[in-house]
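First comes the structure, then the notes that go with it.
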Amino acid sequence: MKTGIFVGTFDPFTIGHDSIVRRAAGLFDRLVIGVVGDNVHKPNMTPAENRMQAIKELYAGDSHIEVKIYNGLAIDFARQEGAAYIIKGVRTVSDFEHEQWQADINRRLGGIETILLYTEPELASVSSTAVRELRHFGVDVSQFLPERHTTNK
């Protein structure tokens with residue numbers, strides 16, 4: 001069974017993340033969305049359990065997509081899940097540069113390959129950071145958040 005993981009803080013999980021999941025799901029028999037539980041760079045995150053539940057609800061009808069909380073390194077989570085691939089979304093050149101060095105480290109330390117999926121052009125400006133900031137100022141952010149899927153795989 002070919003397994004991939006898509007990891008992130010997902011605070012919140014946006015239509016950009018959903019696009020990556022939908023596109024990556026077709027590449028794998030099993031796709032595990034790994035919700036970061038312990039990010040020292042973002043100490044004020046929404047609780048991991050809440051983030052995980054919200055994502056689980058989106059993909060409730062899709063039996064080959066799982067959502068789990070993980071702590072520590074993505075390569076350790078990949079090993080735990082039996083995944084040989086980490087999927088990452090790339091919006092900008094700076095995203096690519098960051099993911100490139102991270103992919104090299106993950107391959108060297110864990111033998112895990114990284115698959116980069118480029119963001120659809122119309123979603124390039126969507127980021128969790130921007131959505132959190134807009135929400136903070138009382139802006140309706142529903143256009144940036146995915147609706148529940150009705151597919152049943």
For F10 and F6, take the angle between the two ring planes, folded into 0 to 90°, and tell me which bin it lands in: parallel under 30, tilted 30 to 60, perpendicular over 60. tilted

Contact check, side chains of D18 and Y59, non-hydrogen atoms, under 4.5 Å: yes

Min side-chain heavy-atom separation Q53-V67 under 4.5 Å: no

Any side-chain heavy atom of E147 sitting closer than 4.5 Å to one from S142? no

Locate the shortest heavy-atom distance separating A124 from T119; write the atom from each residue and the value. N-CG2, 3.7 Å

Does a donor on one side chain and an acceptor on the other come within less than 3.5 Å for T46 and D11? yes

If you take all heavy atoms of P146 and I15, which pair is closest and at what distance? N-CG2, 3.5 Å

When rounded to the nearest 0.5 angstrom, what is the spacing between CD1 in I105 and CD1 in I75? 9.0 Å

Apart from V90 itself, what residues make up its hydrophobic cluster, given side-chain heavy atom links below 4.5 Å? F96, L116, Y118

Taking L123 as the starting point, is it possible to reach L145 by hopping between hydrophobic residues whose side chains are less than 4.5 Å apart? yes

One pair to check against side chain to side chain contact (heavy atoms under 4.5 Å, CB included): F77 and N71. What are the steps and the verdict? CA-CA 8 Å; F77 180 62; N71 295 296; over 6 Å; no

Look at the side chain of H64 and the backbone N and O of A25, then say whether any donor-acceptor pair between them is shorter than 3.5 Å. yes

Decide yes or no on side chain to side chain contact (heavy atoms under 4.5 Å, CB included) for I69 and E49, but give the supporting numbers first. CA-CA 7 Å; I69 295 171; E49 185 67 34; 3.8 Å; yes

Starting from I33, can I reach V126 by hopping between I/L/V/M/F/W/Y residues whose side chains sit under 4.5 Å apart? no

Measure the CG-CD distance between D104 and E99 for me, rounded to the nearest 0.5 Å. 12.5 Å

Would you check if there is a donor-acceptor pair between the side chains of S94 and T92 at a distance under 3.5 Å? yes

Same hydrophobic cluster for I87 and L58, using side-chain heavy-atom links shorter than 4.5 Å among ILVMFWY? yes

What pairs with T14 under side-chain hydrogen bond (donor to acceptor under 3.5 Å, both in side chains), at least two apart in sequence or on another chain? H17

Drop me the distance from R22's CZ to I65's CD1, to the nearest 0.5 angstrom. 10.0 Å

ILVMFWY network linking V35 to F28, side-chain heavy atoms under 4.5 angstrom: yes

Report yes if some heavy atom in the side chain of T3 is under 4.5 Å from a heavy atom in the side chain of D29; otherwise report no. no

I need the I86 CD1 to I5 CD1 distance, nearest 0.5 Å. 4.5 Å

Not counting sequence neighbours, which residues clear salt bridge (Lys or Arg N to Asp or Glu O under 4.0 Å) with D95? List them please. R91

Should we say atom CD of E133 is surrounded by more than 12 heavy atoms from elsewhere, each under 6.0 Å from it? no

Between V139 and R135, is a side chain to side chain contact (heavy atoms under 4.5 Å, CB included) present by the stated rule, with each step listed? CA-CA 5 Å; V139 175; R135 190 177 353 190; over 6 Å; no

Rounded at 0.5 Å granularity, tell me how far CD in E57 sits from CE in M52. 10.5 Å

Residues passing the side-chain hydrogen bond (donor to acceptor under 3.5 Å, both in side chains) test with E120, sequence neighbours excluded, are S19

Intermediate values then yes/no, side chain to side chain contact (heavy atoms under 4.5 Å, CB included), R51 and T9: CA-CA 8 Å; R51 290 179 279 133; T9 54; 4.1 Å; yes

Provide the full list of side chain to side chain donor-acceptor pair (under 3.5 Å) pairs with a residue in residues 76-85, sequence neighbours left out, each pair given once. R30-E81, K68-E81, D76-R79

Hydrophobic clustering (ILVMFWY, side-chain heavy atoms < 4.5 Å, transitive) - are F13 and V131 grouped together? no

With A103, which residues qualify under side chain to side chain contact (heavy atoms under 4.5 Å, CB included), at least two apart? T114

Which atoms form the tightest heavy-atom contact between P12 and S128, and what is the distance? O-OG, 2.6 Å

When rounded to the nearest 0.5 Å, the distance separating CG of D62 from CG of L31 is 9.0 Å

If you take all heavy atoms of L117 and R23, which pair is closest and at what distance? CB-NH2, 4.0 Å

How close do A83 and I112 get, heavy atom to heavy atom, and via which atoms? O-CD1, 3.5 Å

